[in-house]
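What follows is a set of notes on a single structure, which appears directly below.
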Amino acid sequence: MKKILSLLLLVLILTGCQPKKEAVNLAEINPQNDVYYQLFVRSFADSDGDGIGDLNGITENLDYLEDLGITGIWLMPINPSPAYHGYSVTNYYDIDPEYGTLDDFQNLIDTAKEKGITIMIDLVINHTSDQHPWYVDARNSLSSPYRNYYIWQGSTAFSSFAGGMVDLNLEDEAVKTEIKNIFDFYLEMGVRGFRLDAAKHFFDKPGVSAVTLKNAFFLLEMNAHVKENYPDSFITSEVFEYNHEFNLDYLIGSDSILDFTIASIIQNRIGVGTNTYQLASSIKRVMDDYKAENANYVASPFITNHDLDRIASMSGFNGAQGLERMKLAANVLLTLPGSPFIYYGDEIGMKGYRYEGTNVPGYGVVYDEYRRQPLLWGNPAIQTTWLPSDGSNANTADIPTQLANPNSLLNQYKTMIELRNSHPALAYGNYFEPFKDNQGALQGYVRYYQYEDTEEAILVIHNLGVTERILDIPHEEVLYGSLVLGAFQTVILKINPSQIGDYI
């Protein structure tokens with residue numbers, strides 16, 4: 001990575017460009033730290049009774065997200081597409097008509113902003129649909145102005161992914177200009193951030209060498225363009241790798257990387273119960289490696305997303321202790337540095353699995369659909385019905401039921417998000433040090449933040465085991481939980497910042 005960084009800086013100097021300045025302090029430049037809610041529009045809320053979620057359904061139910069404490073929304077693809085998932089785009093400058101219009105999207109952005117919620121959109125630039133007018137024209141004529149937009153293998157274009165998705169030629173200057181125009185289009189509407197799909201595949205094409213370096217260069221160029229007029233924008237890249245070291249090269253061009261390593265740590269240490277004694281040390285190793293590349297990086301931890309089975313369907317989270325383990329997973333996620341991402345429905349423990357080509361009567365062949373099934377509103381007026389129930393959530397309590405239950409998973413999420421949003425040591429900064437008395441299933445860490453007159457230190461301790469632990473730890477205030485720490489429970493203590501050395 002150091003060699004890549006040196007090469008990038010040399011190129012920037014020779015071309016007269018200036019590298020993006022590092023923030024002196026996150027709190028000084030309108031922090032990019034948020035609590036994000038990943039939302040599949042089709043499954044969220046239906047405003048017009050057609051059974052399909054839409055943008056107006058989101059706008060009309062923003063109070064739910066505001067009450068939950070969400071400060072950012074990641075919208076999965078909203079552009080027109082022949083696929084239900086939207087990852088094969090046919091027009092980057094319009095909205096899927098099943099979801100609404102550009103005016104509806106503008107209204108969502110504006111209304112969310114009034115509630116202190118930013119909007120991030122999924123931008124799919126590794127590939128387009130094979131029904132995109134660019135590709136149709138390029139396929140039909142060797143003299144098409146879009147011919148170089150794609151990478152040809154005979155009469156068809158190269159595809160990283162099946163299902164009618166053809167890869168763009170990101171080395172072509174016209175394509176890069178087009179992508180910059182797409183960024184500008186949505187930034188001018190008020191979009192705050194972009195999740196860049198399939199970032200590790202950008203230059204992973206036949207005959208291409210130095211793929212990671214080219215991916216990093218491309219991300220750096222795109223981010224520099226975005227930051228020129230929108231310095232507070234936020235780009236997080238999807239690098240689908242469970243080894244976090246693979247992410248390090250991508251930090252040069254991304255504000256953040258969606259962290260599959262942290263997801264794996266949470267799933268295994270808490271759900272499966274593997275190597276519980278390594279929870280804090282495993283997370284520290286990841287965070288330290290990121291900090292070595294960029295001290296002001298913004299982590300993007302999550303537990304599950306649309307490409308994984310849901311947490312409630314994973315081993316360890318669906319048994320007798322499943323609810324308590326899911327609560328503990330939320331406690332860990334929401335006390336880590338960065339911008340945590342919550343996959344819609346995980347806050348109520350929805351189940352969901354991948355089916356390998358199963359034919360569902362009344363729908364057809366399914367694969368990932370049941371990882372992305374309708375949110376359980378408990379209200380027929382807004383419930384989406386585009387996907388027949390597979391019965392997996394027959395015993396999952398809906399939103400109103402969980403709101404009325406103080407011990408529900410949903411209320412656990414609300415409590416932890418409120419705690420995070422009200423304490424700068426949890427919400428900002430990258431200080432993360434394991435507690436010196438960690439032992440076995442007792443795993444803790446210190447979070448700390450200082451800016452001008454604001455200084456705060458917090459000790460978070462989790463019990464990943466089934467045995468109750470009675471703690472005797474000096475502290476200023478118990479912010480959450482109890483020093484009598486039951487199985488799969490958390491205690492959060494405010495400690496004296498000048499005495500951090502006594503805890504690490």
Side-chain angles (χ1 to χ4, degrees), residues 8 12 15 17-21 29-30 32 34 36 38 41 55 72-81 86-96 99 102 105-106 108-110 112-113 118-129 132-134 146 149-150 165 167-203 214-239 250-258 298 300 339:
L8 290 172
L12 288 167
T15 58
C17 298
Q18 295 297 318
K20 183 178 65 176
K21 294 181 179 179
I29 60 158
N30 188 15
Q32 294 173 325
D34 278 297
Y36 278 96
Q38 181 192 351
V41 180
L55 296 175
I73 298 172
W74 158 18
L75 296 175
M76 290 169 63
I78 57 174
N79 300 121
S81 169
Y87 283 97
S88 53
V89 176
T90 57
N91 185 349
Y92 288 100
Y93 300 97
D94 204 356
I95 302 297
D96 186 326
Y99 290 173
L102 283 169
F105 186 44
Q106 186 66 68
L108 170 58
I109 293 170
D110 295 342
K113 184 177 181 180
T118 64
I119 300 294
M120 168 187 288
I121 63 171
D122 223 319
L123 194 57
V124 186
I125 55 177
N126 177 70
H127 49 265
T128 71
S129 167
H132 194 294
W134 297 341
Y146 304 109
Y149 274 38
Y150 298 92
M165 294 175 272
D167 285 26
L168 285 166
N169 176 14
L170 300 182
E171 292 186 294
D172 185 75
E173 290 300 322
V175 171
K176 291 197 287 187
T177 297
E178 193 77 58
I179 291 171
K180 290 174 183 177
N181 291 339
I182 295 167
F183 277 123
D184 292 344
F185 180 80
Y186 289 104
L187 288 165
E188 289 168 8
M189 289 188 72
V191 166
R192 171 74 178 283
F194 300 91
R195 180 262 192 186
L196 300 186
D197 180 63
K200 78 170 187 175
H201 295 285
F202 286 167
F203 290 89
K214 289 182 177 180
N215 289 343
F217 265 111
F218 177 79
L219 287 166
L220 182 65
E221 180 180 350
M222 293 300 115
N223 207 348
H225 172 81
V226 167
K227 292 296 189 293
E228 184 175 357
N229 293 316
Y230 299 90
D232 292 337
S233 60
F234 183 51
I235 289 181
T236 183
S237 299
E238 183 216 17
V239 183
Y250 290 84
L251 288 175
I252 190 65
S254 306
D255 299 308
S256 187
I257 310 293
L258 286 162
V298 181
S300 288
S339 292

Show the nearest heavy-atom pair for residues S81 and T90, with the distance to one decimal. N-OG1, 4.0 Å

Return yes if some donor-acceptor pair links the side-chain N/O of D167 with the main-chain N/O of H127 below 3.5 Å, else return no. no

Look at the side chain of E238 and the backbone N and O of A199, then say whether any donor-acceptor pair between them is shorter than 3.5 Å. no

Sequence-distant partners of Y36, ring-ring contact (aromatic ring centres under 6.0 Å, His included), two or more places apart: F341

Please report the shortest heavy-atom distance between D255 and S233, naming the atom on each side. OD2-O, 3.7 Å

Sequence neighbours left out, what passes salt bridge (charged side-chain N to carboxylate O under 4.0 Å, His left out) with E221? Give chain and number order. K176, K180

Of the non-hydrogen atoms in V41 and L75, which two are nearest, and what is the gap between them? CG2-CD2, 4.1 Å

Without swapping roles, check the side chain of D96 against the backbone of I78 for a donor-acceptor pair under 3.5 Å. no

Would you call the rings of W134 and Y146 parallel, tilted or perpendicular if under 30° counts as parallel and over 60° as perpendicular? parallel

Would you give the length of the straight line joining atom CG of N223 to atom OH of Y230, rounded to the nearest 0.5 angstrom? 14.5 Å

Just by modelled atom types, is the K200 backbone N or O under 3.5 Å from a matching donor or acceptor in the N215 side chain? yes

Interatomic distance, CD1@I109 vs CD@Q106, rounded to 0.5 Å, equals 5.0 Å

Donor-acceptor check, side chain of Y87 to backbone of M76, threshold 3.5 angstrom: yes or no? no

Identify the heavy atoms of L170 and I125 that sit nearest to each other, and give their distance. CD2-O, 3.6 Å

So which of I235, I121, L258 actually passes side chain to side chain contact (heavy atoms under 4.5 Å, CB included) with R195? L258

Heavy-atom closest contact (V124 atom, Y92 atom, distance): O-OH, 2.7 Å

